[in-house]
Trainee: 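Got a structure for you, written out below as structure tokens; questions coming shortly.
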Amino acid sequence: MAKKPSSEWRISRQSWTLRDMMEIEIIKEGPRHEKFARSVFDLLSRRIDDDEVTPDMIADLTCQEVGAISGRLAEAIIANLRAERAMANLRSMVDDVHGSKPS
């Protein structure tokens, strides 16, 4: 069976966690940080939501593939934030409607 290309791996749409944010802070410091590679691996391992992807497949990614997946992760973050913002706005509108009705 052929290995699934990284460009087709499913990215998780789950809410981002504090652990994800901590890994991102290390990654932002760059490759000179002693935990950089481990943080990239850990973040990708948690954010790739694809049963066909193994830890070895993640560990074998090239820098170019990591960059491409990082772009897809950024898109997922933005989509998740938009969805959360839309839900918050909807909740606020519903609360306003319920709060403004005469008893």
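The shown structure was predicted, so the numbers you read here are calculated from the model rather than taken from an experiment. Sequential numbering from 1 along the given sequence is applied to the chain's residues.
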Trainee: I'd like to know if the side chain of Glu65 reaches the main chain of Thr62, judged simply by a donor and an acceptor atom lying under 3.5 Å from each other, with no hydrogens or angles considered.
Mentor: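 Checked: pair present.
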Trainee: Using the salt bridge (Lys or Arg N to Asp or Glu O under 4.0 Å) criterion, which residues pair with Asp20? Sequence neighbours excluded.
Mentor: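 Salt bridge (Lys or Arg N to Asp or Glu O under 4.0 Å) list for Asp20, sorted by chain: Arg46, Arg47.
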Trainee: How long is the span from the CD1 atom in Ile24 to the CD atom in Glu29, to the nearest 0.5 Å?
Mentor: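 Going from CD1 on Ile24 over to CD on Glu29, the span is 13.0 Å.
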Trainee: Using a strict 4.0 Å threshold on nitrogen-to-oxygen distance, state whether Glu25 and Lys28 make a salt bridge.
Mentor: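 A salt bridge is present here (some side-chain N lies under 4.0 Å from a carboxylate O).
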Trainee: Just wondering, are more than 12 heavy atoms of other shown residues or ligands nearer than 6.0 Å to CD in Gln14?
Mentor: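 Check fails, neighbour count at 12 or below.
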Trainee: Kindly determine whether Arg91 and Asp95 satisfy salt bridge (Lys or Arg N to Asp or Glu O under 4.0 Å), including the steps that lead there.
Mentor: CA-CA 6 Å; Arg91 271 192 300 272; Asp95 289 345; over 6 Å; no
Trainee: Are the side chain of Ser45 and the backbone N or O of Phe41 linked by a donor-acceptor pair below 3.5 Å?
Mentor: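 At least one qualifying donor-acceptor pair exists.
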Trainee: Considering non-hydrogen atoms only, spot the tightest contact between Met57 and Lys3 and give its length.
Mentor: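 For Met57 and Lys3, the tightest heavy-atom pair comes out as CE-CG, 3.4 Å.
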Trainee: Taking atom CZ of Arg19 and atom OG of Ser39, what is their separation to the nearest 0.5 Å?
Mentor: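 If I round to the nearest 0.5 Å, the distance is 11.0 Å.
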Trainee: Write down the atom of Ala76, the atom of Ser12, and the distance for their closest heavy-atom approach.
Mentor: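 Minimum heavy-atom separation between Ala76 and Ser12: CB-O, 4.1 Å.
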Trainee: To the closest 0.5 Å, what do you measure between CE (Met21) and CD1 (Ile77)?
Mentor: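 It is 10.0 Å, given to the nearest 0.5 Å.
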Trainee: So how far is it from Asp50 CG to Arg10 CZ, rounded to the nearest 0.5 Å?
Mentor: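 If we round to the nearest 0.5 Å, Asp50:CG and Arg10:CZ are 4.0 Å apart.
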Trainee: Which value, rounded to the nearest 0.5 Å, describes the distance between Ile48 atom CD1 and Ile11 atom CD1?
Mentor: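 Output value for this atom pair is 3.5 Å.
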Trainee: What is the distance from atom CH2 of Trp9 to atom CG of Leu44, rounded to the nearest 0.5 Å?
Mentor: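 Rounded to the nearest 0.5 Å, the CH2-CG separation comes to 7.5 Å.
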Trainee: Are Ile58 and Ile26 grouped together when hydrophobic residues (ILVMFWY) are joined by side-chain heavy atoms under 4.5 angstrom apart?
Mentor: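 Ile58 and Ile26: separate clusters.
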Trainee: For atom NZ of Lys4, decide whether the heavy atoms of other residues, nucleotides or ligands shown that lie under 6.0 angstrom number more than 12.
Mentor: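 Buried by this count: over 12 neighbours within 6.0 Å.
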Trainee: Please give me the minimum heavy-atom distance between Ser7 and Arg72, naming the atom from each residue.
Mentor: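 Nearest pair, atom of Ser7 first, then Arg72: O-NH1, 3.3 Å.
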